[in-house]
Amino acid sequence: MASERNGDGGKERAGENGNGGGGGVSLEMPEIRYTRLFINGAFVDAVSGKTFETRDPRTGDVIASIAEGDKEDVDLAVKAAREAFDHGKWPRMPGSERGRIMMKYADLVEQHAEELTLLESLDAGKPRMATRAVDLGTSVRSLRYFAGAADKIHGETLKMSRQFQGHTLREPIGVAGLIIPWNFPAIMFFSKVAPALAAGCTMVVKPAEQTPLSALYFAHLAKQAGVPDGVINVITGFGPTAGAAIASHMDVDMVSFTGSTSVGRLVMEASARSNLKPVSLELGGKSPLIVFDDADVDMAVGLAISANFFNKGEACVAASRVYLQEGIYDGFVKKLAQRMESWVVGDPFDPRVNQGPQVDKVQYERVLSYINHGKREGATVLTGGKPCGQSGYYIEPTVFTDVKNDMIIAKEEIFGPVMCLMKFRTVEEAIARANDTRYGLAAGVVTKDIDVANRMTRSIRAGVVWVNCYFAMDSDCPFGGRKMSGFGKDDGMHALDKFLAVKSVVTPVYDSPWL
């Protein structure tokens, strides 16, 4: 059984150093047990011996020192994954057997969900209750969904035009490089690992350097579940070193990356300069939420709050452009201001808190710089607009009115608790303004008119459009963007496609009574 207890972290009480709008809570944190790289079924130090610090965003204090993987470590992980793919039993198992092991893996994640929730909340500043229900719950469901898919990967029988019979095989593509972001570490780990496992691939996973703790714990549980050595390898480290080594590695067969558009470009470039490996990218967004005059105002306000401030705005699908039809604008703004008065920012371990700190100092300063841009460009601050708390990376949820489409805050992804309100008159204007972005990840439409809803959903160029709901994501619902939000799908059976290669097999047919 994989085990590692030499981490620098220890036990503390969450809430003793909390800030913002919530009070402190007494909660014993788990020991940080897994801090080293996971390669070929074992926890090991980085070849260089180097480590980096992961910090508590509530205070900026060090949680633990984590092994800093580099190119040499990636080489070792890829070698282990290649051996496990070329000669190991994982891709050679019946799909039903892979599914059985994945079901056991899901059970183990569920059994350890409380400890994993605490790690995830501590590392990423995410409210504990939401993390348990959403992040860990989604992770378990994803594993079980793709466990069920493992024995349902089928090819096709072809109707050839001459005297041949043909069929297709959908084969595991090989060694997958999986690079995941810091905003939903657990969810994104399994949105990539689960379909890769179901397909029969082996993999090298690089979690974000800001949030490495849960990925290492998941590697430990994978071994306990019976996933063979070398199938899942986890390299903690930095993007320009470990991430770049994965993207450019000649023996990695594909890369799935979730993160910023600028880094997505680098991943594609690395693929092109190496072995032209296929790439799947889930990148940034600047999603619109379009509210029509006939909408229920209370529901629309609730959706806008959730679509912007859930996970402290650190969501690629955040609806930071809220377009309000003229007739509903004033009533919406009034109710939104009232609702935000009860929004609590503070220690994510306090159950009364709605919003925790931004993930780290870099993101905290980035969000504040965008808020200052909005003020300088002439937008009006309705609520928030400044940091809060004596320490840590807390920011008040900020709502801007009088926003114009050409303002920086209306064009660029902020990835923080910032909402922009804008007016529109007609359906045609709403469509034009919704599509006036280089991104195409998600959108929301709030209306009681089915004809308007149908027109909007067919006209908006985005990977997913939610009607009278938002963040309605599910393991069976394909997720991915268009334009500069990337390409390829996570979730749903389409998520398997990037981990499978289609092979055509053709043989001649002699003296057949039919073709």
Side-chain angles (χ1 to χ4, degrees), residues 261 282-297 299-310 313 315-333 336 370 374 377 379 399-416 418-473 477-487 489:
T261 298
E282 196 267 279
L283 307 176
K286 193 69 180 174
S287 301
L289 177 65
I290 303 149
V291 182
F292 286 89
D293 284 343
D294 66 344
D296 180 282
V297 178
M299 181 185 76
V301 167
L303 287 176
I305 291 172
S306 173
N308 280 273
F309 303 135
F310 172 68
C316 53
V317 296
S320 54
R321 295 185 296 144
V322 179
Y323 292 103
L324 305 167
Q325 201 162 17
E326 289 180 330
I328 203 172
Y329 185 90
D330 290 340
F332 182 99
V333 170
L336 176 62
Y370 275 111
E377 288 184 311
V399 179
F400 281 108
T401 60
D402 303 313
V403 178
K404 297 179 173 57
N405 260 28
D406 60 353
M407 290 182 177
I408 288 175
I409 57 172
K411 293 192 299 183
E412 297 187 10
E413 184 178 42
I414 298 173
F415 226 66
V418 181
M419 182 192 304
C420 299
L421 302 184
M422 293 168 276
K423 290 182 184 179
F424 73 92
R425 291 183 180 180
T426 65
V427 172
E428 291 75 16
E429 181 187 354
I431 292 169
R433 296 182 72 180
N435 288 330
D436 185 19
T437 174
R438 62 181 180 268
Y439 297 110
L441 190 56
V445 177
V446 188
T447 181
K448 296 176 182 176
D449 189 326
I450 187 64
D451 294 327
V452 170
N454 284 336
R455 184 177 177 188
M456 295 298 296
T457 57
R458 290 169 180 263
S459 300
I460 296 172
R461 294 191 292 273
V464 59
V465 182
W466 291 299
V467 179
N468 296 329
C469 59
Y470 210 84
F471 280 121
M473 304 175 78
C477 184
F479 177 74
R482 296 168 62 174
K483 300 192 284 186
M484 289 181 68
S485 291
F487 47 83
K489 296 296 182 183

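- Closest heavy-atom contact between I409 and A379: CD1-CB, 4.0 Å.
- Under 3.5 Å, the side chains of E413 and Y439 contain no donor-acceptor pair of N or O atoms.
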Please evaluate residues R455 and I431 with respect to the criterion side chain to side chain contact (heavy atoms under 4.5 Å, CB included), reporting the C-alpha separation (whole Å), side-chain torsions for both, the decisive distance (0.1 Å), and the verdict.
CA-CA 9 Å; R455 184 177 177 188; I431 292 169; 3.9 Å; yes
Any chance you could lay out the side chain to side chain contact (heavy atoms under 4.5 Å, CB included) test for I460 and V445, step after step, and finish with the verdict?
CA-CA 10 Å; I460 296 172; V445 177; 4.1 Å; yes
Side-chain polar contacts of residues 461-469 - donor-acceptor pairs under 3.5 angstrom, sequence neighbours left out - could you list them?
unit_1, atom_1, unit_2, atom_2, d
W466, NE1, A472, O, 3.1
N468, OD1, T447, N, 3.0
N468, ND2, T447, O, 2.9

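- Among all heavy-atom pairs drawn from D296 and K448, the shortest one is N-CE, 4.0 Å.
- Two rings, from Y329 and F424, have their centers 6.0 Å or more apart.
- If you check the side chains of N308 and Y470, you find no donor sitting under 3.5 Å from an acceptor.
- Surrounding CZ of R425 are at most 12 heavy atoms belonging to other residues, nucleotides or ligands under 6.0 Å away.
- When side chains are defined from C-beta on, K286 counts as touching I414, because their heavy atoms get closer than 4.5 Å.
- Between F292 and D449 there is no side-chain heavy-atom pair separated by less than 4.5 Å.
- Using a 4.5 Å cut-off on side-chain heavy atoms (C-beta onward), R438 and E412 make contact.
- Among all heavy-atom pairs drawn from A304 and F332, the shortest one is CB-CZ, 3.7 Å.
- No donor-acceptor distance shorter than 3.5 angstrom exists from the side chain of N405 to the backbone of M422, with no hydrogens or angles considered.
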V317 vs F310, test: side chain to side chain contact (heavy atoms under 4.5 Å, CB included). Steps then yes/no.
CA-CA 11 Å; V317 296; F310 172 68; over 6 Å; no
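- The two residues G284 and S485 have their closest heavy-atom pair at O-OG, 2.6 Å.
- Taking all atoms of both residues into account, the shortest heavy-atom contact from G285 to L441 is CA-CB, 4.4 Å.
- Checked against salt bridge (Lys or Arg N to Asp or Glu O under 4.0 Å), E429 has the following partners two or more places apart in sequence or in another chain: R433.
- Atom CG in N454 sits 10.0 Å away from atom OG in S459 (nearest 0.5 Å).
- For K489 (side chain) and G480 (main-chain N/O), a donor-acceptor pair under 3.5 Å exists by modelled atom type.
- Looking at Y370 and V418, their side chains never come closer than 4.5 Å, going by heavy atoms from C-beta outward.
- In this structure, V291 and Q325 have side chains that are not in contact, with every pair of non-hydrogen atoms separated by 4.5 Å or more.
- In terms of modelled atom types and a separation under 3.5 Å, the side chain of S306 and the main chain of L303 share no donor-acceptor contact.
- L336 is listed as a side-chain neighbour of M419, based on a closest heavy-atom distance under 4.5 Å.
- Remark: L289 CG to L324 CG distance equals 8.0 Å, nearest 0.5 Å.
- Applying the ring pair (Phe, Tyr, Trp, His ring centres under 6.0 Å) test to F479 and every residue at least two apart in sequence or in another chain returns nothing.
- Nearest heavy-atom pair, P288 versus A442, reported as atom, atom and distance to 0.1 Å: CD-O, 3.3 Å.
- Using a 4.5 Å heavy-atom cutoff, the side chains of M484 and T437 are not in contact.
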